[in-house]
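Take a look at the structure below.
Residue numbers start at 1 and run along the sequence shown.
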Amino acid sequence: MGKFDNKVVIVTGAGQGAGKQLAIRFYREGASVCLLDLNGDNLAAVADEVKPDEGRFLTYTVDVSDSAQVNQAIEDIGTRFGKIDILINNAGVLHKGMIEDSTDAHIQLMVSVNLLGPMYCTRACVPYMKGDGGNIVNVASILATFPNTGSGAYGAAKAGMMVLTRVWAAELAPYHIRVNCYAPGVLNTPMAEDVIKNRAESKLCQIPLRRFGEPDDAFDLVSFFCSGQAGYITGQTIGLDGGIWATQTPTAAWKL
């Protein structure tokens, strides 16, 4: 018996990184998992790796910033299963750019994928969650609360996810839909590849736990959010960052 037997889970941005691992772990815990990603080749590679049972691991090539594509995919999922239990708004993209150099296309990409996409996905899923309740998990970023130069549009969009988490928690509570969020620091995913490869030691000196996060760390938190143990938790954002910048001297206790 898996922890999520008979649950229907949607993971966006599931073609790689944390989204991929979330999808695989939910599947292995008994859920029927629907993977949404812009990159169809990545989705095919994930399915080939998992070799899933028929009908329990479905892939949809979807641009989450396109509401029509989102609506079509989620309508198919909701009709096929008759419900949606869990939505994980994981899809995101980060391209850095100083404001004076930012093009319209750059700004629109940061906002449309990182903020509008989760809004489209959530809106489309709610009708299929109302009957039995459910869980929505948003993914923000440490850059939402501790921003960095060159990532203003991304950080602003992710800060918006934290606000939406609180608003949706109140709006959807009558339907027994809980909404929570986590804000990752440096996770060992393609998005953080440059940091881990080229600036590992300087970054680790900011992290009290002295290690980078792993996609399984994300699953552990998300699965908690979606479990009965978190039944009285909604509207919250939890940092998943090893305590980064917890104090001015985050690693002073280590004998480096």
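- Of the possible polar contacts, one joining the Gln69 side chain to the Asp63 backbone as a donor-acceptor pair under 3.5 Å is found.
- Judged by distance alone, the side chain of Thr103 and the main-chain N or O of His106 form a donor-acceptor pair under 3.5 Å.
- When the side chains of ILVMFWY residues are joined at heavy-atom separations under 4.5 Å, either directly or via intervening members, Val8 and Leu172 end up in a single hydrophobic cluster.
- In terms of hydrophobic clustering, with Ile, Leu, Val, Met, Phe, Trp and Tyr side chains grouped at heavy-atom distances under 4.5 Å, Ile238 and Phe212 are assigned to different clusters.
- Scanning all heavy atoms of the two residues, the minimum distance from Leu240 to Ala218 falls at CD2-CA, 3.7 Å.
- Side-chain contact between Leu164 and Met119 is present, with at least one heavy-atom pair separated by less than 4.5 Å.
- For the pair Lys83 and Tyr128, the cation-pi criterion (under 6.0 Å, within 45° of the ring axis) is not fulfilled.
- Look at Glu75 and Arg80 and you find no salt bridge, because none of the NZ, NE, NH1 or NH2 atoms lies under 4.0 Å from a carboxylate O.
- Looking only at side-chain heavy atoms (C-beta outward), Ile84 and Ile10 come within less than 4.5 Å of each other.
- Formation of a donor-acceptor pair under 3.5 Å by the Arg166 side chain with backbone atoms of Gln236 is not found in this model.
- Proximity of a side-chain donor or acceptor of Ser151 to a complementary backbone N or O of Asn148 within less than 3.5 Å is detected.
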Hey, mind stepping through Tyr60 and Asp76 against side chain to side chain donor-acceptor pair (under 3.5 Å) and telling me if it holds?
CA-CA 10 Å; Tyr60 294 81; Asp76 182 78; 2.5 Å; yes
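- The backbone N or O of Gly2 sits less than 3.5 Å from a side-chain atom of Asp5, completing a donor-acceptor pair.
- Residue Leu38 is not grouped with residue Val33 when hydrophobic side chains (ILVMFWY) are merged at heavy-atom distances under 4.5 angstrom, including chains of intermediate members.
- The closest side-chain heavy-atom distance from Val9 to Tyr27 is not below 4.5 Å.
- A donor-acceptor pair is defined here as one N or O able to donate and one able to accept, closer than 3.5 Å; no such pair exists between the side chain of Arg178 and the backbone of Ala169.
- The distance from atom CG of Asn188 to atom CG of Asp216, rounded to the nearest 0.5 Å, is 11.0 Å.
- Using a 4.5 Å cut-off between side-chain heavy atoms of Ile, Leu, Val, Met, Phe, Trp and Tyr, with links allowed through other members, Phe224 and Tyr182 fall into the same hydrophobic cluster.
- In this structure, Phe57 and Ser32 have side chains that are not in contact, with every pair of non-hydrogen atoms separated by 4.5 Å or more.
- No salt bridge links Lys96 with Asp194; every basic N to acidic carboxylate O contact stays at or beyond 4.0 Å.
- The two atoms that bring Lys158 and Asn114 nearest to each other are CE-OD1, 3.9 Å, heavy atoms only.
- Under the 3.5 Å distance criterion, with hydrogens and angles disregarded, no donor-acceptor pair is assigned to the side chains of Asp37 and Asn42.
- Gly17 and Pro190 make their closest contact through CA-CD, 3.8 Å (heavy atoms, listed as atom of the first residue, atom of the second, distance).
- Of the possible polar contacts, none joining the Lys20 side chain to the Leu43 backbone as a donor-acceptor pair under 3.5 Å is found.
- No side-chain heavy atom of Ser65 sits under 4.5 Å from any side-chain heavy atom of Leu116.
- In terms of modelled atom types and a separation under 3.5 Å, the side chain of Thr12 and the main chain of Ala91 share a donor-acceptor contact.
- A donor-acceptor pair shorter than 3.5 Å cannot be found between the side chains of Asn180 and Thr165.
- Asn89 is listed as a side-chain neighbour of Thr122, based on a closest heavy-atom distance under 4.5 Å.
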Working note: Glu201 + Leu204, criterion side chain to side chain contact (heavy atoms under 4.5 Å, CB included); need CA distance, chi angles, decisive distance, verdict.
CA-CA 5 Å; Glu201 186 54 36; Leu204 286 171; 4.3 Å; yes
Stepwise side chain to side chain contact (heavy atoms under 4.5 Å, CB included) check, Arg123 with Ser67
CA-CA 10 Å; Arg123 181 179 64 183; Ser67 63; 3.9 Å; yes
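- Distance CZ/Arg56 to CG/Asp53: 5.0 Å, rounded to 0.5 Å.
- Heavy-atom neighbours of Phe81 CZ from other residues, nucleotides or ligands within 6.0 Å: above the threshold of 12.
- To the nearest 0.5 Å, atoms CG (Leu22) and CG (Leu35) are separated by 10.0 Å.
- Considering all non-hydrogen atoms of both residues, Ala144 and Ala159 come closest at CB-N, 3.4 Å.
- A distance of 8.0 Å separates CD in Gln206 from CD1 in Ile142, rounded to the nearest 0.5 Å.
- Hydrophobic clustering (ILVMFWY, side-chain heavy atoms < 4.5 Å, transitive): Val64 and Val93 are in one cluster.
- Looking only at distances, a side-chain donor or acceptor of Thr251 sits under 3.5 Å from a matching main-chain atom of Cys205.
- Ala200 and Ile196 get closest at one heavy-atom pair: CB-O, 3.3 Å.
- For the pair Leu115 and Ala157, the tightest heavy-atom approach, listed with the atom from each and the gap, is CD1-O, 3.7 Å.
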Ile74/Val70 under side chain to side chain contact (heavy atoms under 4.5 Å, CB included): CA gap, chis, key distance, verdict:
CA-CA 6 Å; Ile74 291 179; Val70 168; 3.8 Å; yes
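- In this structure, Gln72 places its CD atom where only 12 or fewer heavy-atom neighbours from other residues, nucleotides or ligands lie under 6.0 Å away.
- Here the side chains of Leu36 and Val11 are not in contact, with every heavy-atom distance at 4.5 Å or above.
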Take Ile244 and Phe146 through the side chain to side chain contact (heavy atoms under 4.5 Å, CB included) test and state the conclusion after the steps.
CA-CA 10 Å; Ile244 193 169; Phe146 199 82; over 6 Å; no
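- Here Ile86 contributes atom CD1 and Cys34 contributes atom SG; the two are 11.5 Å apart, rounded to the nearest 0.5 Å.
- Enclosure of atom CG in Asp220 by more than 12 non-hydrogen atoms of other residues, nucleotides or ligands within 6.0 angstrom is indicated.
- Proximity of Asn138 to Ile136: side-chain heavy atoms (C-beta onward) are separated by under 4.5 Å at one or more points.
- Atom CD of residue Gln21 and atom CD of residue Glu214 lie 9.5 Å apart, to the nearest 0.5 angstrom.
- Formation of a donor-acceptor pair under 3.5 Å by the Lys51 side chain with backbone atoms of Asp48 is found in this model.
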